[in-house]
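Here is the structure we will look at, set down as structure tokens.
No experiment lies behind these values; they were computed from the predicted model shown.
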Amino acid sequence: MGQAEQKPVKKETKRPYVLATVMLAMFMGAVEGTIVSTAMPAIVGDLGGFALYSWVFSAYLLMNAVTVLIYGKLSDLFGRKPILTFGIIVFLIGSILSGTAETMEMLILYRFIQGFGAGAVMPIATTIVGDIYSREERAKVQGYLSSVWGISAVSGPALGGLLVEYASWRYVFWINVPLGILAIAGLWLYLHENIEKKKHKVDYPGAILLTISISSLMIVLVEAGANWAWTSPKTIGLISLSVLGFIFFILQEKRAEEPMMPFNIWREQSIFIANMTSLTTGVMLIGISSFLPAFVQGVMERSPIVAGFTLTAMSIGWPIASAASGRLLLSIGYRKTSLFGGASLILGSILFVTLTPEAGPLWAAAGSFFVGVGMGLTSTAFIVSIQSTVAWQQRGIATAANMFMRNLGNTVGAALLGGVLNSSILSYMKKHGAEDQDLSIDAANVLLNEAQRQKLSAGMKTILQDALTNALHSVYIVVFIFAVVSLLFILFLPKEEKTAD
């Protein structure tokens, strides 16, 4: 039996090629965030609908968050390879369709499809690495995986800026197709799994209840406050549906033979803290990456490429810190590494809270860099620790649960901070007498389109830019609060780690 287990790793699975394939799949998922953020001002300029701005992110993140746990569990039941392949194919279909969108509503629908596939990519790719490398090797290899975020973050904004300026924003989505096809080919050629063949009972009721609960919550977070009143029947109905769905989900998981979310993994203190911190850092991440390009282009009046550069700094900090995190884990341990990360998140947030239009893109880039360092140190430490705490049969779902919490943070953040941004812009305009000019949030579209921006009267442009500056300041205060909460969680990490292998 021992020999049979060794065989796939030793004789068939070609680890360097599998690692390259996994990195390619992750690059495809990672670049999606930065490249679309950079292209968004151009997409809004073309399709209109600034009020729907956050939905383009929320639609993708919502499906990503809903499906991540389901894919993680299915990969534990049926193996990593078939489930990851399915996810990539759905992601590519969504990408092709997104590039053909004619209206903002169509784009949002296609982003749902894209997100439905993307849910498989990150957790399963990370889990494959946990499967084929030992604990000592994992710390180093997770550094390589995090470098993918760096490369994607450096190349994504630059690529997005170039495509928008010299071709069309539509290529931002189509660029995924060759990458996805290569990743599928690499998986089937080089990864050979040894899965125990037995009849599995898939927890479909759990999957459906989880989807209903999270989807209802997300829709409320995106719409309430901006388009619906918090006390409206729609809002209250959806919140009730979300709470009921979650209660039934917990009851279902307790009695399911092979639950979608085994709650025993949450009893481990290190996993619980890692997951809660991933939730709070997820909110921070989206607050910076979604809205910083709008500020640099609309208020600082810089080009899409400069706006992309301010985000790129985060992605330079992330892989450098991630590679260092792998070494630090083995020398000073997982708690101290995470604490350094938490301190860096706070430093980055302070730079964003103090950001002014006069400070220029370099100040914004410095804030991004320190947040990236914080993310690199914490996320690598969390994944390596989680994968060492559980056995193979739960590694897929444990890794996915951590990604799910970060995605949930992203989705909650896109919605919550989008709401803060929209309501701040509206209240600022009302206070400064702009409502008699029949201005709405959509007026911010004009700031993101250089030609239209030049046509604005000086007074009107000042009101719009001040409204956006004021609103983004509110967003970054919320980001700072989440950085403080993240550090408080990290302080509760256990000093000693448990290992399963």
Partners of [X] by side-chain hydrogen bond (donor to acceptor under 3.5 Å, both in side chains), sequence neighbours excluded?
X	answer
Thr235	Ser232
Glu253	none
Thr126	none
Thr310	none

Residue among Thr211, Leu210, Leu217 satisfying side chain to side chain contact (heavy atoms under 4.5 Å, CB included) with Ile214: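 In the set Thr211, Leu210, Leu217, the residue that makes a side chain to side chain contact (heavy atoms under 4.5 Å, CB included) with Ile214 is Leu210.
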List the atom of [X], the atom of [Y], and the distance in Å for their closest heavy-atom pair.
X	Y	value
Gly117	Val90	N-CG1, 3.6 Å
Ser216	Leu241	OG-CD2, 3.4 Å
Ile70	Ala207	CD1-CB, 3.7 Å

Indicate yes or no: at least one non-hydrogen side-chain atom of [X] is less than 4.5 angstrom from one of [Y].
X	Y	answer
Arg406	Leu279	no
Trp169	Leu163	no
Val296	Val306	yes
Phe352	Leu472	no
Gln114	Leu97	no
Arg111	Ser98	yes
Leu328	Lys336	no
Phe246	Ser242	no

Is it true that a side-chain atom of [X] and a backbone atom of [Y] form a donor plus acceptor pair closer than 3.5 Å?
X	Y	result
Ser427	Ser424	yes
Ser213	Gly245	no
Trp363	Leu351	yes
Arg170	Ala101	yes
Asn275	Phe272	no
Thr356	Ala359	yes
Arg335	Leu493	yes

Leu285 and Thr281: CA distance, side-chain angles, deciding distance, side chain to side chain contact (heavy atoms under 4.5 Å, CB included) verdict: CA-CA 6 Å; Leu285 198 57; Thr281 53; over 6 Å; no
Pair Val177-Met28, side chain to side chain contact (heavy atoms under 4.5 Å, CB included): steps then yes or no: CA-CA 9 Å; Val177 178; Met28 186 180 72; over 6 Å; no
Mutual orientation of the aromatic rings belonging to Phe86 and Tyr71 [parallel < 30°, tilted 30-60°, perpendicular > 60°]: tilted
Only pairs under 3.5 Å count here: list side-chain donor-acceptor contacts from residues 474-490, not counting sequence neighbours, and write none if there are none.
residue : atom : partner : partner atom : Å
Ser474  : OG   : Asn470  : O            : 3.2
Ser486  : OG   : Thr280  : OG1          : 2.8
Ser486  : OG   : Phe482  : O            : 2.8

Stepwise side chain to side chain contact (heavy atoms under 4.5 Å, CB included) test for Leu292 and Leu355: CA-CA 11 Å; Leu292 190 60; Leu355 178 66; 4.2 Å; yes
Verdict with supporting geometry, Ser270 and Tyr334, side chain to side chain contact (heavy atoms under 4.5 Å, CB included): CA-CA 10 Å; Ser270 59; Tyr334 140 86; 3.5 Å; yes
ring-ring contact (aromatic ring centres under 6.0 Å, His included) against Tyr171, all qualifying residues, sequence neighbours excluded: Trp174
